Colleague: 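Have a look at this one before I ask anything.
Not measured: the values here are computed from a predicted model.
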2 protein chains.
Amino acid sequence: MQKYDSEPRLQHFIDTCRQHQLKITPQRVAIYRALMDSDQHPTADMMYQTVREEFPSISFDTVNRALLTFAGIGMVDVVEVFGGPKRFDPDIDDHHHLHCTACGRIIDFDHEGYSHLEVPAEIARQFKVISKRVVLKGLCATCAPER
Amino acid sequence: MQKYDSEPRLQHFIDTCRQHQLKITPQRVAIYRALMDSDQHPTADMMYQTVREEFPSISFDTVNRALLTFAGIGMVDVVEVFGGPKRFDPDIDDHHHLHCTACGRIIDFDHEGYSHLEVPAEIARQFKVISKRVVLKGLCATCAPER
DNA sequence: CTCTTAAATAAGAGTCATTCTTATTTGTCA
DNA sequence: TGACAAATAAGAATGACTCTTATTTAAGAG
Ligand SMILES: [Mn+2]
Ligand SMILES: [Mn+2]
Ligand SMILES: [Zn+2]
Ligand SMILES: [Zn+2]
């Protein structure tokens, strides 16, 4: 028994791959499945270690490339970390992250204010802003000297 | 003739090194001087190439380590770039950056709103937030299809 | 000034996270 | 049931640090 039924999501993933002319390979399905089931924001290498258990012949490059491909079609989000490996997020709904500098965990949170950051008019006039992001660093609940 | 008199800043740099028990080496002086004179936000390697002209025997490691040391005592800022090398900023006054995804330039701008981002109370309660930063990506004036 | 010593440096090896190259295999569609 | 573009596996290559070790040097003590 699983936390929830992941089949509809998997089906949506497959449909989206088809829409983008991407072949449905067993590797890709295994990778996407493992990401859905992942606890939180794994790195490409973590994903490689996981998927390898059920797919011993898979290569790191295939895992990494697949994750980036999924990001390219909007099926996963890439969480970039200053000075660290990319982290992958199966949750593509709008949300934000706190990066724990002690344990490396990435904690999700929602906050309207960060989702509609205004761009100062002066900047908007001179530049074409493509993305806006707030990066919070700190200590998560388990790493902070408790209360 | 220079853009402005950099001697007071250099003197302040030297005083600050002394306050932190850092030795004043000719390498460090040359590196700090070159950063003050830099056009904008060079990488460690760019700094190495520049300083090497007047100091041919200097090593990359010395340049890189010096820049990080300067950041440690608050004399320079480190601008981290997703998926790219660190950039160093001699301007430690409060300001923000737009990262041009086409040419890699980092453009400075001021904006009060980004300097006092509120942390949602729910987050502040659970986590100890250490730093907040807004990262804007886009196209700079020269890279954007003009007008 | 000269000595002493901890700090800093140069050179090169090592590491990490990709990213590329090439040969081989495989979905997909005709 | 092919044909073939796309995808994969394996391993080499790359970029940006980061570490190790031997050597040199800034700066305080005498
Ligand atoms: Mn998330
Ligand atoms: Mn700046
Ligand atoms: Zn933590
Ligand atoms: Zn540009």
Side-chain angles (χ1 to χ4, degrees), chain A residues 13-32 34 41-73 75-76 78-88 99 104 106, chain B residues 13-32 34 41-73 75-76 78-88 99 104 106:
Chain A
F13 163 74
I14 288 171
D15 293 345
T16 306
C17 284
R18 288 240 156 76
Q19 280 161 31
H20 289 82
Q21 289 76 256
L22 295 180
K23 291 180 180 174
I24 315 302
T25 65
Q27 288 93 333
R28 282 177 173 163
V29 172
I31 293 163
Y32 187 75
H41 312 104
T43 64
D45 192 65
M46 290 158 78
M47 288 295 297
Y48 172 54
Q49 300 307 334
T50 301
V51 174
R52 208 143 75 110
E53 286 171 22
E54 81 169 69
F55 219 117
S57 70
I58 203 165
S59 70
F60 171 82
D61 188 65
T62 293
V63 175
N64 191 238
R65 198 163 17 75
L67 290 166
L68 294 175
T69 300
F70 300 166
I73 61 173
M75 290 305 298
V76 317
V78 179
V79 181
E80 305 202 64
V81 178
F82 292 139
K86 290 185 179 69
R87 309 280 289 260
F88 295 90
H99 299 238
I106 292 182
Chain B
F13 164 74
I14 288 172
D15 293 344
T16 306
C17 284
R18 287 239 158 76
Q19 281 162 30
H20 289 83
Q21 288 77 257
L22 295 181
K23 292 181 179 172
I24 315 300
T25 65
Q27 288 92 334
R28 281 175 173 164
V29 172
I31 292 163
Y32 187 75
H41 312 103
T43 64
D45 191 65
M46 289 159 79
M47 289 295 298
Y48 172 54
Q49 300 306 334
T50 301
V51 175
R52 207 143 74 111
E53 286 172 20
E54 82 170 67
F55 220 117
S57 69
I58 203 166
S59 70
F60 170 81
D61 188 64
T62 293
V63 175
N64 190 238
R65 200 164 15 75
L67 290 167
L68 294 175
T69 300
F70 301 165
I73 61 173
M75 291 304 299
V76 317
V78 180
V79 181
E80 305 202 65
V81 179
F82 292 138
K86 290 184 179 68
R87 309 281 288 260
F88 295 90
H99 299 238
I106 292 181

Colleague: Through what angle, rounded to 10 degrees, does the axis of the helix from C:dC1-D:dG30 to C:dA30-D:dT1 turn between its ends, using five pairs per end?
Modeller: 30°
Colleague: State the CD1-CD distance between A:I73 and A:Q19, to the nearest 0.5 angstrom.
Modeller: 8.5 Å
Colleague: What heavy-atom pair brings A:R52 and A:I58 nearest, and what distance separates the two atoms?
Modeller: CA-CG2, 4.2 Å
Colleague: Atom CZ of B:R28 to atom P of D:dT25: distance rounded to whole Å?
Modeller: 15 Å
Colleague: Would you please classify the geometry between the A:F70 ring and the A:F13 ring as parallel, tilted or perpendicular, with 30° and 60° separating the classes?
Modeller: perpendicular
Colleague: Salt bridge (Lys or Arg N to Asp or Glu O under 4.0 Å) with B:E54: which residues, sequence neighbours excluded?
Modeller: none
Colleague: May I have all residue pairs that pass salt bridge (Lys or Arg N to Asp or Glu O under 4.0 Å) and include part of residues 14-27 of chain A, sequence neighbours excluded?
Modeller: none
Colleague: Within this structure, what is the CG-to-P distance between B:L67 and D:dC17, rounded to whole angstrom?
Modeller: 10 Å
Colleague: Roughly how many Å is it from CD1 in A:I58 to P in D:dG11, rounded to a whole number?
Modeller: 16 Å
Colleague: Taking OP1 and OP2 of D:dA9, is either one under 4.0 Å from a side-chain nitrogen or oxygen of A:S59?
Modeller: yes
Colleague: Can you name the nearest heavy-atom pair linking A:L22 to A:T69, along with the distance?
Modeller: CD1-CG2, 3.6 Å
Colleague: Looking at every non-hydrogen atom in both residues, tell me the closest pair between A:V76 and A:L67 and how far apart they are.
Modeller: CG2-O, 3.8 Å
Colleague: Determine which pairs satisfy salt bridge (Lys or Arg N to Asp or Glu O under 4.0 Å) with at least one residue from residues 55-72 of chain B, sequence neighbours left out, and list them in order.
Modeller: B:D61-B:R65
Colleague: Can you tell me the distance, in whole Å, between the CD1 atom of B:I31 and the C1' atom of C:dA10?
Modeller: 13 Å
Colleague: Listed by chain and number, what are the side chain to side chain donor-acceptor pair (under 3.5 Å) partners of B:S59, not counting sequence neighbours?
Modeller: B:T62
Colleague: Tell me the interatomic distance from B:R52, atom CZ, to C:dA10, atom P, rounded to whole angstroms.
Modeller: 12 Å
Colleague: Could you encode protein contacts along nucleotides 12-30 of chain C as a string, one character per nucleotide from 5' to 3', using B for base contact, S for sugar-phosphate-only contact and - for no contact, with a heavy-atom cut-off of under 4.0 Å?
Modeller: -----SBBB------BS--
Colleague: What's the OH-P distance between B:Y48 and D:dG15, to the nearest Å?
Modeller: 15 Å
Colleague: Does D:dT8 have OP1 or OP2 sitting under 4.0 Å from an N or O in the side chain of A:R65?
Modeller: yes
